[in-house]
Amino acid sequence: MTILDWIALALLLGGAGFFFAGTIGLLRFPDTLCRLHAMTKADNVGLGLLCLGLALHERTLSGTLTLAFVWVFALAASTLSAFLIAGWAEARSDTGEGS
Amino acid sequence: MTPIVFPVTAALLFAIGLYGVLTRARLIQRLLAVNLMASAIFLFLIVTSTGGPHGPDPVPQAMVLTGIVVALSTMAYALVLIRHLRVLTRAETLESIVDD
Amino acid sequence: MTEAIDGLTAGSLTALILGPLILALVAVALPRRRLIDSAVMLLALLLLALLLPLSRAVLTHGPLVMDLGGHDAPIAIPLYVDSLALGMLWLLTLLALAIHPYASAWLQRSDHPHADDYPALWLVLWTGLNSLVLSGDLFNLYVMLEVTTLGAVSLVMLGQSAGAVSAAARYLFFALVGSVLFLLGTALVYADIGLLYMPMIAVHADASPAIVVALLAITAGVAMKAALFPLHAWLPIAHASAPTPASAVLSAAVATAGVYLLLRLWLGPFAGTWTITTAQGIGVIGAAGILYGSAQALRQQRIKVIVAYSTVAQLGYLLLLVPLAQSPLAWQGAVYHAVTHGLAKAGIFLAAGNLILAIGNDRLENLSGADQFAAKNLLVIGIAGAAVAGLPPTGGFIAKWWLLSAALGQGQWWWVAVIAVGSLLAAAYVFRILQYAMRQPENRAEIDPRVRDQSLPYALLWPPALLAALALGLGFSGELLAPFLQVTDLSPALGGTGR
Amino acid sequence: MLPVFDTMLCLGLLWLGWGIVASTTLFRGVVLFMVFGLLMAVTWVRLSAPDVALAEAVIGAGIAGALLLGACKAMLSDPGTPAEQGGPEPAALPRLPAAALSLLVGAALAWLMVTVRGGGPVPEAVAIALPTHFLHNPVSVILLDLRGYDTLMETVVLLLAFLGARAMMRHSELDPLFTPVATHRHYTMPLITLLTPILLLLALHILWTGGNAPGGAFQAGALLAALGVMYQLTGHLRPSRESGPGVRALLVCGLLVFSLFACLGLTWGDAPLTYPRGAGYVSALVVEIALMLSIGTTLTLLFAAHPGLKPDLRQ
């Protein structure tokens with residue numbers, strides 16, 4: 001294993017760690033907004049680290065580009081869905097329907 | 001190890017699904033159990049496709065693809081039927097509907 | 001095998017499967033009821049015309065196999081036609097001809113909210129039934145079973161009431177488990193001997209554990225879908241709560257197709273796995289179904305439930321073919337029984353539908369005086385009922401006579417007793433309906449039918465009459481049709497043609 | 001390393017399977033089922049079946065998940081019959097005999113599934129037929145040509161499922177999964193305008209390469225359905241009580257093209273579904289494009305739980 005592989009491994013483990021923390025946050029945090037916070041942060045950074053690690057391992061242009069696309073799309077989707085869920089949660093708490 | 005672990009998993013998944021079909025009364029959960037049984041058979045089919053002397057046999061893979069589509073279609077249909085039944089009778093199990 | 005297939009045969013087989021399908025697609029895209037109704041009639045007549053040369057081809061060449069897509073066995077999906085399949089095709093096409101115009105008129109007349117949904121659903125179901133009958137590939141049968149199941153469940157669901165929808169749900173869940181079991185059997189067969197092409201399975205299948213379990217799983221799966229006797233629980237409720245024309249389709253076509261499929265599989269690809277004991281066991285199940293169904297039918301108070309239980313009973317006769325399969329007479333009898341019973345049963349349901357239009361429901365006690373206002377429909381019920389019971393001179397008599405002769409010819413006299421008792425009970429439950437109808441009401445003014453025979457539209461009167469006439473007519477054409485019913489190659493019925 | 005991975009994968013599948021069957025709440029069962037679908041997709045990759053993996057990912061975790069969540073929400077928003085409120089779920093069958101039967105079946109099947117013989121005439125014949133075919137992805141050869149009839153009929157199952165469901169949707173008001181908030185449109189619009197061309201491109205790509213690489217009409221159609229789902233969730237498509245002529249045309253075009261093509265097989269071959277010599281790839285592509293449109297429309301409508309959809313162009 002070259003030094004690049006070791007860096008890749010570290011990045012992958014770091015990404016997995018972020019996912020783990022995010023999942024714990026999702027399960028443990030008290031309300032919708034906090035859970036969203038935990039999940040989106042963890043997913044965005046965690047996925048970014050995973051993609052970076054895989055790109056270092058793969059080391060081809062097309063592979064790296066594909067991974068970059070995966071990350072960008074996941075970012076866009078999670079940003080918007082988090083925003084919509086937050087809006088929905090706010091609307092619900094305004095009308096006093098839920099927490 | 002590998003030649004045994006996947007077929008055994010398929011058989012056990014089938015058994016778990018069968019148990020669910022027999023014991024769960026809530027229709028959506030019974031539906032999930034039926035789909036579990038189907039997935040178990042798909043797993044078995046794909047496992048048998050890998051071992052041949054000519055490389056992976058595409059016929060079981062095609063069968064599984066067809067099977068996945070068929071299972072999705074029947075699931076979609078069953079879900080609408082369950083919701084329709086719910087609207088009509090407010091029941092989510094067949095046991096709670098008294099026959100007339 | 002394909003050398004016997006000429007252009008006309010290939011075209012007929014294609015039309016049988018794709019004709020109803022394309023028409024269904026047109027019906028979805030252009031929901032004009034008039035247009036679709038006449039197109040369905042034309043299609044049914046066209047297919048009837050095409051069945052004539054097809055029957056001739058089967059008579060001269062024996063069973064035909066058409067490999068789809070121009071590929072060779074065993075990778076192609078074959079369509080397979082023998083006399084058994086031919087009988088089913090005649091039945092289905094005649095039913096399509098009679099039931100569709102009736103259904104259209106009936107749904108319109110009773111202001112049924114699903115009148116627009118019916119044509120496309122029935123046409124797709126028709127495609128499914130034709131392909132189920134013709135398919136010679138085990139996995140393709142799984143797909144076709146799903147088409148028929150979804151179609152049949154939808155027809156039950158059209159009954160609208162909470163009872164009908166819950167019956168549909170019950171039916172669907174039985175059928176879903178049935179499909180999974182069928183799929184399991186298919187997977188085991190493929191994993192064990194690497195074949196799905198049924199004409200070849202019979203040659204390669206032995207009694208290895210995987211094949212035996214596959215046979216068990218497939219049998220249980222189809223039996224759940226076809227509501228064979230111990231697994232019949234959903235059938236009477238479902239058939240009785242569907243809209244009446246749909247009940248006719250379900251009892252006459254769908255249920256028969258299920259049993260047809262079982263016979264096809266048992267006596268075709270799996271013929272090598274039978275022993276005398278298991279064959280007799282299947283016969284016993286059939287006999288139990290005959291007796292149980294008939295006894296239940298005698299106790300019911302609603303016409304549609306009586307007729308539905310009668311279906312449970314009559315399907316049992318088809319199972320008697322398994323222990324008697326060595327005799328050509330038994331094959332003739334089984335095919336003849338399937339066709340006559342299908343036609344007669346549809347006729348009874350359609351006539352019962354007219355009674356429902358007249359008195360608002362189908363309870364026996366409300367039938368009093370029906371001989372005054374619904375004489376034609378009662379006549380249909382009488383004739384078709386006689387055919388179901390197997391009384392001379394109907395087609396049912398010929399069918400049961402052949403079955404009886406086959407049983408006597410092989411010295412299996414115990415089936416004779418079952419057939420005789422079953423016929424007696426059937427006659428009893430049919431005449432019980434007539435007896436209620438002939439009863440004079442205490443107060444003449446009580447007879448207040450909403451509709452009299454005379455005011456019913458023509459489209460509601462000729463289909464049941466046609467069906468009863470056909471069931472009767474089959475009684476006079478037994479000798480004429482017998483050559484078409486010959487199974488040239490008895491055991492295994494399908495496997496003999498394998499390469 | 002690989003045996004360890006396999007064992008972990010299988011244990012995960014079994015654990016999730018048990019979770020689905022034993023879960024006390026509906027929502028939990030549904031979520032576990034979606035996770036199970038994802039894990040199955042990983043399993044398919046491990047068993048070198050990438051086509052199946054792709055389909056399982058878009059269907060098992062994607063479309064099926066969306067449908068299940070919709071049904072789940074409908075169940076939870078209604079308190080149900082008095083007998084079912086709060087009380088325990090009535091058991092369909094006693095647990096003990098059911099467990100004994102299932103274990104027996106499982107043990108018998110495990111033995112059978114390990115000892116089946118394998119091989120046989122079909123795998124051999126297929127291995128011979130594959131190299132000379134005009135398509136290069138073995139699974140596509142089977143799905144589009146050798147067993148094209150199955151594909152035709154599987155699409156019939158999908159259409160029939162929708163027709164049956166439509167009959168019910170017309171007569172009982174089923175709630176859509178979400179009621180989108182219209183004021184958010186200026187946030188969702190950029191995403192829609194970004195993703196629409198990309199998803200369309202991706203669907204066409206999956207379709208186009210389907211002949212030679214994993215992919216095909218159903219996966220592409222499911223991607224289109226994802227687009228349809230997104231339009232519904234952001235309020236650009238709204239459920240309607242009737243299917244308009246355009247929707248109906250999209251619904252049937254796939255099967256219509258496929259079955260007419262099947263009939264045409266009689267003119268240039270001896271049997272229906274025969275591909276014309278020399279124009280095989282082109283005809284497969286035409287059929288697949290039509291199928292993709294129909295599959296996408298059908299799945300989108302099934303998600304809407306309504307007979308039709310109409311665009312909502314308000315800004």
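Protein chains get the first letters and strands the later ones, always in sequence-line order, with residue 1 at the start of each.
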Asker: Please tabulate, for the side chains in residues 172-188 of chain C, all donor-acceptor contacts under 3.5 angstrom to protein atoms that are two or more places apart in sequence or on a different chain.
Answerer:
from, atom 1, to, atom 2, distance (Å)
C/S179, OG, C/E146, OE1, 2.9
C/S179, OG, C/E146, OE2, 3.4
C/S179, OG, C/A175, O, 2.8
C/S179, OG, C/K225, NZ, 2.9
C/T186, OG1, C/F182, O, 2.9

Asker: Go through the structure and list residues passing salt bridge (Lys or Arg N to Asp or Glu O under 4.0 Å) with C/D137, not counting sequence neighbours.
Answerer: D/R147
Asker: Taking side chain as everything from C-beta outward and backbone as N, CA, C, O, which of these in C/L125 sits under 4.5 Å from a heavy atom of chain D? Side chain, backbone, both or neither.
Answerer: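 Neither part.
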Asker: Checking D/L112 against chain C: side chain, backbone, both or neither under 4.5 Å from a heavy atom?
Answerer: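 Only the side chain of D/L112 comes within 4.5 Å of chain C.
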Asker: Which answer fits C/I193, side chain, backbone, both or neither, if we ask what part of it has an atom under 4.5 Å from a heavy atom of chain D?
Answerer: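 It is both, since atoms from each part get that close.
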Asker: With a 4.5 angstrom heavy-atom cut-off, which part of C/L158 approaches chain D: side chain, backbone, both or neither?
Answerer: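 Just the side chain, heavy atoms under 4.5 Å.
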Asker: Between C/S131 and chain D, with a heavy-atom cut-off of 4.5 Å, which part of the residue counts as in contact: side chain, backbone, both or neither?
Answerer: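 Both parts, backbone and side chain.
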Asker: Under 4.5 Å from any heavy atom of chain D, what part of C/V143 do you find: side chain, backbone, both or neither?
Answerer: both
Asker: Can you see whether C/R33 engages C/S104 through a side-chain donor-acceptor pair at a distance of less than 3.5 angstrom?
Answerer: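 C/S104 and C/R33 do not have a side-chain donor-acceptor pair below 3.5 Å.
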Asker: Heavy-atom distances under 4.5 Å only: say whether C/I17 touches chain D with side chain, backbone, both or neither.
Answerer: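 Looking at C/I17, just its side chain touches chain D.
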Asker: By a 4.5 Å heavy-atom criterion (distance strictly below it), what part of C/F139 contacts chain D: side chain, backbone, both, or neither?
Answerer: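 Both backbone and side chain.
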Asker: Are there residues of residues 152-160 of chain D whose heavy atoms fall under 4.5 Å of chain C's heavy atoms? If so, which?
Answerer: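 Within residues 152-160 of chain D, the residues under 4.5 Å from chain C are D/L152, D/M153, D/E154, D/V156, D/V157, D/L159, D/L160.
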Asker: Check whether C/L25 gets within reach of chain D through its side chain, its backbone, both or neither, counting any heavy atom under 4.5 Å.
Answerer: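 Both backbone and side chain of C/L25 come within 4.5 Å of chain D.
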Asker: Compare all side-chain heavy atoms of D/F134 with those of D/V141 and state whether any distance is below 4.5 angstrom.
Answerer: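 Counting from C-beta outward, D/F134 and D/V141 never come under 4.5 Å.
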Asker: Heavy atoms only: give me the nearest C/M198-C/P269 pair and the separation to one decimal.
Answerer: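 For C/M198 and C/P269, the tightest heavy-atom pair comes out as CG-CG, 3.9 Å.
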Asker: Can you say whether the rings of C/W126 and C/W122 are parallel (under 30°), tilted (30 to 60°) or perpendicular (over 60°)?
Answerer: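 The arrangement is parallel - the two ring planes meet at less than 30°.
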Asker: Give the member of C/L30, C/V213, C/T14 that has the highest number of heavy-atom pairs under 4.5 Å with chain D.
Answerer: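 The option with the most such pairs is C/T14.
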Asker: For D/A129, is it the side chain, the backbone, both or neither that has a heavy atom under 4.5 Å from a heavy atom of chain C?
Answerer: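 Contact with chain C: side chain only.
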Asker: So does D/K310 get a backbone contact from the side chain of D/S240, meaning a donor-acceptor N/O pair under 3.5 Å?
Answerer: no
Asker: If you check every heavy atom in residues 267-274 of chain D against those of chain C, which residues fall under 4.5 Å?
Answerer: D/D270, D/A271, D/P272, D/L273, D/T274
